[in-house]
Amino acid sequence: QVQLVESGGGLAQPGGSLRLSCAASGFTFSSHAMSWYRQAPGKERELAAGISATGGSTNYADSVKGRFTISRDNARNTVSLQMNSLKPEDTAVYYCKLIGVPWGQGTQVTVSS
């Protein structure tokens, strides 16, 4: 059974940092690209960042480019999202995503002073 469990969300001040983690199980993690999506209140879910199966290729939404870094550890079956220089508009529920697998619970990120 495929499981994706997100963690690391919370409250951060503008300009602060948070690191999200996603623990994956039930599939061959190292064979699949992974992504982080986010959904802000009243908005559609959007792709924040993606990473290839080997970690050699990444892509980012323009809104997070230069501030967020996606990475993965194929030995530990984890994918992470380091978020720096956070802005109030980064407030959202963040989801770890594997294509073809239903959305998980996500983790709430709130950026506020």
Is the shortest side-chain N to carboxylate O distance from K65 to D62 below 4.0 Å?
yes

Are the side chains of P14 and P88 in contact, using a 4.5 Å heavy-atom criterion?
yes

With a 4.5 Å limit on heavy-atom distance, are the side chains of F29 and M34 in contact?
yes

After noting the C-alpha distance and the side-chain angles of V109 and M83, does the key distance pass the side-chain contact (heavy atoms from CB on, under 4.5 Å) rule?
CA-CA 10 Å; V109 170; M83 305 185 296; 3.8 Å; yes

So, N84 versus S17: side-chain donor-acceptor pair below 3.5 Å or not?
yes

Looking at Y95, does the NZ or CZ of R38 lie under 6.0 angstrom from its six-membered ring centre and within 45 degrees of the ring axis?
no

side-chain contact (heavy atoms from CB on, under 4.5 Å) between S25 and N77, intermediate numbers included:
CA-CA 7 Å; S25 60; N77 288 5; 5.7 Å; no

Does some side-chain heavy atom of I51 sit less than 4.5 Å from a side-chain heavy atom of W36?
no

With the 4.5 Å side-chain cut-off for hydrophobic clustering, are L81 and Y37 part of the same group?
no

Side-chain touch Y60/R67, heavy atoms, less than 4.5 angstrom
no

Under a 3.5 Å distance rule, please check whether E6 uses its side chain to pair with a backbone N or O of C96 as donor and acceptor.
yes

Quick one: pull up CD in Q82 and CD1 in I70 and give me the separation to the nearest 0.5 Å.
12.0 Å

Roughly how far apart are L20 CG and T78 OG1, rounded to 0.5 Å?
12.5 Å

Taking a hydrophobic cluster as the set of Ile, Leu, Val, Met, Phe, Trp and Tyr residues connected by side-chain heavy atoms closer than 4.5 Å, whether directly or through intermediates, do L47 and V93 fall within one such cluster?
yes

Begin from the C-alpha positions of L4 and V79 and carry the test side-chain contact (heavy atoms from CB on, under 4.5 Å) through to its verdict.
CA-CA 10 Å; L4 299 170; V79 58; over 6 Å; no

Would the distance check show the side chain of T54 and the main-chain N or O of G56 forming a donor-acceptor pair, the cut-off being under 3.5 Å?
yes

Please round to the nearest 0.5 Å and tell me the distance separating atom OG of S35 and atom CD1 of I99.
6.5 Å

Angle between ring planes, Y94 versus F68, binned at 30° and 60°: parallel, tilted or perpendicular?
tilted

Rounded to the nearest 0.5 Å, how far does SG of C22 lie from CG of L98?
9.0 Å

Could you tell me the separation between the CZ atom of R72 and the NE2 atom of H32, rounded to the nearest 0.5 Å?
9.5 Å

So CG of L86 and OG of S112: to nearest 0.5 Å the spacing works out to 12.0 Å

Contact check, side chains of Q108 and T91, non-hydrogen atoms, under 4.5 Å
yes

Side chains of S7 and R19, donor plus acceptor under 3.5 Å:
no

